Structure formats: structure tokens, C-alpha cells
Enquirer: 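The structure is given below, and queries will be raised subsequently.
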2 protein chains.
Amino acid sequence: MMLPHATPVETAAEAETAVLLIRRTGARATPARLRVLRLLRAAPAALTHHQIEQALGDLAIDRVTLYRVLDWLVESGLARRTTDAQRTFRYSLAAGGEHAAHTHFRCEDCGRVFCLDAAPPVPPSLPEGFCLSRIELDLCGRCAECTGERR
Amino acid sequence: MMLPHATPVETAAEAETAVLLIRRTGARATPARLRVLRLLRAAPAALTHHQIEQALGDLAIDRVTLYRVLDWLVESGLARRTTDAQRTFRYSLAAGGEHAAHTHFRCEDCGRVFCLDAAPPVPPSLPEGFCLSRIELDLCGRCAECTGERR
DNA sequence: CGACATTCGCAACTGTGTAGCATCTATGGG
DNA sequence: CCCATAGATGCTACACAGTTGCGAATGTCG
């Protein structure tokens, strides 16, 4: 799946920001949180719990702890969580002004999920009494890599 | 959850159509398939495996058989399958000319999923090399029932 | 009616996410 | 710099949705 085992080089400033981001939520800046946060930051796509475990490599953190770190990230607004077609959760860093509209591209071959920043689509009309809070646009198909590889 | 335990009345013609629909796929018209097909047809929203089991009531069919029936429905193009926010599959009858675009409304309160037939949204621009096969628009919020009930 | 491939129903299994609880540690006050 | 302690961690055990294998039952076609 070719995820970097560790971010190539990370400046002290970047690490600092991560710590501050965490502290600002009122939580402790633990190694587990820092590592997951950095990993998500470097990820080009939304990752599953399993992919994150793999990417952490040898210095693995406990399965349950990872779940808790991810939950915490979502709760504190630092990350967002979606379910993919294989009914597993995928996590990605929350963009600046989120919570309104979001666009994903899911590759049907490799299963990866890419977060695009396409324009928030039309606000469609809803049945009487329905109340809208979020719009999500899901595009399915093949990513560039898979299109190239297989035919 | 208030799903009808059985479709109020079903004309012989409707039952007939169901049988033909099934036969046309080259499969056998078994009671299990017929019942699930009718149920989905009468459903106002996408149903989970569990909801379908409930709706079948006393004349329950085996859990695994239901899974297989649903798989078969999806495979043969009669139904479509999506995952909801609780990471469980939901099944709904495939509309006439489907496979292009689809719009769902998920109620954050009761978890139900409604299939709207809103206009297929804008075809957004993709990164180089990406190949699009399906668009799905997901609306989240509160359905009329829940909006009315709770404030 | 009879043969036989397709379906069904059971039991056991997998994979993803959660709960409880004892142990450890980041952090703020001495 | 060290200590106390709320908050995190990492076990183990569990819950739930979905899957697999296989023998028994049954719809369909001749």
C-alpha cells in the first residue's frame, strides 16, 4: 500500500504545531497522538485503522489505543471519519473550515479514498420537514495509479 | 421502527412481476427471494439486514440465507447496497436506470436512509488520470419525523 | 414423476470496533 | 527537580456484522 513508515523529515516547528494543536483541545500531547496526527497530516488520502497500524510499523501502538486516539481526534475536531464501501472507518485530517460540504473519491480497485476540494454541490430540495446539516459528495471510480497499472 | 410486517395487499400481478424479475436473472424464484424482494419494494427507505429480519417477523428466514439473498439481489442488479454511518450495509431496490448517480438522505437521529431522486449533481473535475464511474450524493441531517418529535 | 443443480439452514469463523480495569505517564504545583 | 494525580495506555474479553463450508432440502426441467 506504500505508505511512508515515517514522515521523511519533520522540522521542529512542525512538531511544535502538532503539540500545540493537541494542547489546545485540553488533552495531553502523548507520543501516540503526536505520531497519529503527523501520519494523517502526511497522508494523501483517508486512512483506515489498519493502514495506520501498518504505517506506524515497528513502533506499533496498541490496537485499542489507536482506536481511542482516532476517536479523540474526531471528537476534538482535528479529524473526520467516514465509512468506506467495505464498511470500515477511514480517517482524514479535518480541513480548515469544514463541517459544511466534503467531496471524496473512492477508488474501486485499491480502495483508497481521496479528499478532493471540489465545489460544494447544489443544495438540493428536500422533502417537507427535513433538515439538512451536511452534504457529502462521493465519487467512485479508478484513481490515476490503478487506471495506469491495469489496462 | 414501524416497518410493515407484510405489505398490506399485493395483487397477483405484482407477485407475478416479482417472479419474472427473478427468473429473468436466471435464478430460482424461491420464497425467501420473493419475500425480500417484495419487502424492499414496499420500503420507503434503504433497510439494514437487521431491519429486514424484523420486518419478516414470525416467518423468519435464516440469517445467512438473508445475507445470501441480499448479495444475490445486488449482484443481479435488482438492489443496491450502501454503508451507513454506523458502518452497516443498507439495501434498497435499484431504480430503473441506475448506476449513474444516486442521492441519499441519512437521518442523524434515527439512522434511517432515504433514497431521494434529486438531480444528479454537477460532474466535478477530477485530478489527472482519474476515471469516474459513479456519483453519490449524501445528505445528512434530520428527517421530518425526528425534527418534529424532538424540538 | 424423477434427477440434479441450486438454495437453504446450521455451525463455526473472521474482522472491526468497544468495554472494563489495572498500570503507567504527561503535566502543573511544590 | 520531584511528586501527585487526572488522564492515557495496553491488556483481555466481548459484541456485532458479515462470511465460509457443508450436508440436507427443494425448485425446475425433462
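Keep in mind it's a predicted model, so treat the numbers as computed, not measured. Computed over heavy atoms, backbone and side chain alike; hydrogens, waters and symmetry mates excluded. We name chains A, B, ... by the order of the sequence lines, and we start the count at 1 in each one.
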Enquirer: Any sub-3.5 Å donor-acceptor pair from R90(A)'s side-chain atoms to A46(A)'s backbone N or O?
Expert: yes

Enquirer: Taking ring-ring contact (aromatic ring centres under 6.0 Å, His included) as the test, write out the residues that go with F105(A), two or more places apart.
Expert: F130(B)

Enquirer: When rounded to the nearest 0.5 angstrom, what is the spacing between OH in Y67(A) and CD in E53(A)?
Expert: 7.5 Å

Enquirer: So, R87(A) side chain and R87(B) main chain: donor-acceptor pair closer than 3.5 Å or not?
Expert: yes

Enquirer: For each nucleotide in nucleotides 9-20 of chain D, reading 5' to 3', give B when a protein heavy atom comes within less than 4.0 Å of its base, S when such contact involves only the sugar-phosphate, and - otherwise.
Expert: BBBB----BBBB

Enquirer: Among residues at least two apart in sequence or on other chains, which ones pass side chain to side chain contact (heavy atoms under 4.5 Å, CB included) with R35(A)?
Expert: L56(A), L59(A), I61(A)

Enquirer: With sequence neighbours excluded, what pairs up with A29(A) under the side chain to side chain contact (heavy atoms under 4.5 Å, CB included) test?
Expert: V19(A), I22(A), R23(A)

Enquirer: Quick one: bend of the helix from dC1(C)-dG30(D) to dG30(C)-dC1(D) from 5 pairs per end, to 10°?
Expert: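 Axis angle across the helix from dC1(C)-dG30(D) to dG30(C)-dC1(D), nearest 10°: 30°.
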
Enquirer: Can you list the residues that meet the side chain to side chain contact (heavy atoms under 4.5 Å, CB included) rule with T25(A), with sequence neighbours excluded?
Expert: A27(A), W72(A), S76(A), L78(A)

Enquirer: List every contact pair, protein side and nucleotides 2-5 of chain D side both N or O, where the distance is under 3.5 Å.
Expert:
none

Enquirer: List in chain and number order the residues that pass salt bridge (charged side-chain N to carboxylate O under 4.0 Å, His left out) with D62(B), two or more places apart in sequence or in another chain; answer none if no residue qualifies.
Expert: none

Enquirer: According to salt bridge (charged side-chain N to carboxylate O under 4.0 Å, His left out), who are the partners of R33(A), at least two apart in sequence or on a separate chain?
Expert: none

Enquirer: Between H49(B) (side chain) and R63(B) (backbone), is there a donor-acceptor pair under 3.5 Å?
Expert: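 Answer holds: yes.
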
Enquirer: Considering residues at least two apart in sequence or located in another chain, which fulfil the side chain to side chain contact (heavy atoms under 4.5 Å, CB included) criterion with C140(B)?
Expert: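 Only S133(A), R134(A), R106(B), E108(B) meet the side chain to side chain contact (heavy atoms under 4.5 Å, CB included) criterion with C140(B).
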
Enquirer: Which residue pairs pass the ring-ring contact (aromatic ring centres under 6.0 Å, His included) test with at least one member in residues 23-47 of chain B, sequence neighbours excluded?
Expert: none

Enquirer: Using chain B heavy atoms and a threshold of under 4.0 Å, write down where along DNA chain C the contacts begin and end, 5' to 3'.
Expert: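 Here the contact window of chain B covers dA5(C) to dG17(C).
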
